[in-house]
Amino acid sequence: MLHKNLIAGEWVSGDASANINPSNTNDVVGDYARASAEDTKAAIAAARAALPAWSRSGILERHAILKKAGDEILARKEELGRLLAREEGKTLPEAIGEVTRAGQIFDFFAGETLRLSGEVLPSVRPNIGVEITREAIGVVGIITPWNFPIAIPAWKIAPALAYGNTVVLKPADLVPGSAWALVDILHRASTPAGVVNLVMGRGSVVGQTLLDSPDVNALTFTGSVGTGKRVALASVEHNRKFQLEMGGKNPFVVLDDADLAVAVEAAANSSFFSTGQRCTASSRLIVTEGIHDRFVAALTDRLRGLVIDDALKAGTHIGPVVDESQLKQDADYIDIGRSEGARLAFGGERLERETPGFYLSPALFTEATNDMRIAREEIFGPVAAVIRVKDYDEALAVANDTSFGLSSGIATTSLKHATHFKRNSEAGMVMVNLPTAGVDFHVPFGGRKGSSYGPREQGRYAAEFYTTVKTAYTLA
Ligand SMILES: NC(=O)C1=CN([C@@H]2O[C@H](COP(=O)(O)OP(=O)(O)OC[C@H]3O[C@@H](n4cnc5c(N)ncnc54)[C@H](OP(=O)(O)O)[C@@H]3O)[C@@H](O)[C@H]2O)C=CC1
Ligand SMILES: O=C(O)CCC(=O)C(=O)O
């Protein structure tokens, strides 16, 4: 069966593209239609046509659709988790966790539709009332990456719909399956025609058409820094609101007074789980002298015990890298690290398993310095570098010495250092004795510096991006 694009409430065919399982490249997950530029323009026109009615729709209608979608996602979390693990390569428990998060996000924003509010204020002039309300922005273009194939579309679509916008979703070409399943659920949840449109296909065709359209009022993007810049430039050109979530080079600091077991578990999770393919992953482990050798030994032991295998196999801790080109990028950075003089203390080897897939053992560098490319550029794989520092002050300085600022973490038992780090870390999200990755669905998500642009995503803060404020004055 060819999975088609959804445009104006109709399933529309297109050139078929095979969705390949990175754990077993002989396994075709399914065939998915690639949309053309013309299809994308039709989807934008459909979203525009549906906007007046949807932006004025009753909150009970929006609530019912979002709630129904959330309920179905949660009821099918095992099946959708298998699909996600099969197309992206994260392990089944991680994939089921991601699907659960998507369901919870729809549930959260279903609730938000019933909490829409404004403000009524007296004017500074007599006999005048002032009302402040939030309105939909319009047609929202959504461009998503491959590493969270259902959660990221969910955390962009759910608030967009809750606040009365219509959407055109362009998921990553590598992983269209989960996005297709999500849009199918929304379609069957009685979303009116044109409110949610799906255009799968290539960024250079579908994504670029969204960027070039004057009819897209807002664009929300998660992906690489390079594409993010294109989104920004095109959006300025069209006077369009835009929001970018891009890379990270997230630090995880380990202090002498850390609980070693807590530090090792958080570091292993931050750097290597989900194959290190999270923008919140930690690729810089900044460790003070007194604990350095014990930490490296314990982390290496932990890595030795991890099972790298088929994402769907019970007992797998780390699945494959998502595809050949990401695997090459990871391998290239491992070579770069070696040539820069860092020591490859563990892993970094291509692995053979029962099925042909993109398996790589977690790579841990030691003796790295913060000026090396492996410490400055986003690798986006299971590759981390330990940087030795003298004390907390140096650790903080090194942690902040990066062009990114998404998440950061510290392992310490000192209240003083934990408090200081929370206040002084130049990151949007700070974790104490917790991994830098793996965030809640109901609170703001986003970063600083080169990691993010625009208002925060998720939780109530999402309203900032998906609405525009109106101030109305009335003479009594
Ligand atoms: N912050 C994060 O969460 C992520 C960061 N990355 C980083 O980016 C690197 C490369 O990953 P990659 O997937 O290529 O990232 P991209 O930024 O290329 O992809 C993200 C999305 O943008 C689309 N896109 C690509 N080109 C254009 C364009 N000209 N106009 C509009 N949309 C476009 C992609 O389409 P298509 O499907 O064709 O690729 C995809 O849907 C990774 O190695 C990692 O460093 C990647 C994924 C997530
Ligand atoms: O760490 C998380 O939970 C979210 C990470 C993420 O959104 C990303 O990698 O794009």
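Every number for a ligand or one of its atoms is a count from 1 in the order of the listing. What's counted below: heavy atoms across the whole structure, side chains too, no hydrogens, waters or symmetry copies.
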Sub-3.5 Å N/O-N/O distance, Cys279 and ligand 1
no

Among Ser224, Ser452, Ser325, closest by any non-hydrogen atom to atom 10 (C) of ligand 1:
Ser224

Taking 4.0 Å as the limit for heavy-atom contacts, which would you say applies to Leu211 with ligand 1: side chain only, backbone only, both, or neither?
side chain

Per-residue contact class, Phe148 against ligand 1 - non-hydrogen pairs under 4.0 Å:
neither

Atom indices of ligand 1 within 4.0 angstrom of Gln208 heavy atoms, with elements:
28 (C), 29 (N), 30 (N), 31 (C)

At a 4.0 Å threshold, what atoms of ligand 2 neighbour a non-hydrogen atom of Arg278?
9 (O)

Is there at least one protein heavy-atom neighbour under 4.0 Å from atom 14 (O) of ligand 1?
no

Just which atoms of ligand 2 are under 4.0 Å from any heavy atom in Trp155?
7 (O)

Under 4.0 Å from ligand 1, counting heavy atoms only, is it the side chain of Ile143, its backbone, both or neither?
side chain

Looking at atom 38 (O) of ligand 1, would you say a protein heavy atom lies below 4.0 Å from it?
yes

Taking the six-membered ring for Trp, are Tyr453 and Phe242 ring centroids under 6.0 Å apart?
yes

If we only count N/O pairs under 3.5 Å, is Ser204 in contact with ligand 1?
no

Protein contact to atom 8 (C) of ligand 2 [nearest heavy atom, distance to 0.1 Å]
Cys279 SG, 2.8 Å

Any atoms of ligand 2 less than 4.0 Å from a non-hydrogen atom of Phe148? List them with their elements.
4 (C), 5 (C), 6 (C), 8 (C), 9 (O), 10 (O)

So for Met246 against ligand 1, with non-hydrogen atoms under 4.0 Å, the contacting part is backbone

Where the closest heavy atom to atom 5 (C) of ligand 2 is concerned, which of Val439, Thr280, Thr436, Asn250 has it?
Thr280

Run the numbers for me: atoms of ligand 2, each under 4.0 Å from some heavy atom of Gly438, listed by number.
1 (O), 2 (C), 3 (O)

Taking N or O atoms only and a 3.5 Å limit, does Arg230 qualify as a polar contact for ligand 1?
yes

Identify, by atom number and element, the atoms of ligand 1 in contact range of Thr144, meaning under 4.0 Å from any of its heavy atoms.
21 (C), 40 (C), 41 (O)

A student comparing Gly207, Gly447, Ser451, Gly248 should find that the heavy atom closest to atom 32 (N) of ligand 1 comes from Gly207

Considering only the protein, which heavy-atom contact is closest to atom 12 (P) of ligand 1, and what is its distance?
Trp146 NE1, 3.9 Å

Does some non-hydrogen atom of the protein lie less than 4.0 angstrom from atom 1 (N) of ligand 1?
yes

Between Asp27 and Arg86, does any NZ, NE, NH1 or NH2 come within less than 4.0 Å of an OD or OE carboxylate oxygen?
yes

Sub-4.0 Å atoms of ligand 2 with respect to non-hydrogen atoms of Ile152:
10 (O)

Ligand 1 N/O within reach of Arg202 N/O, cut-off under 3.5 Å:
no

Option with minimal heavy-atom separation from atom 36 (P) of ligand 1, where the choices are Ala179, Gly381, Gly203, Gly141:
Gly203

Heavy-atom nearest neighbour in the protein, as seen from atom 4 (C) of ligand 2, with distance rounded to 0.1 Å
Arg101 NH2, 3.3 Å

About how many Å separate CG of Leu51 and CG of Asn217, when rounded to the nearest 0.5 Å?
7.0 Å

Atom indices of ligand 2, in the order listed, that fall short of 4.0 Å to a heavy atom of Ala437:
1 (O)

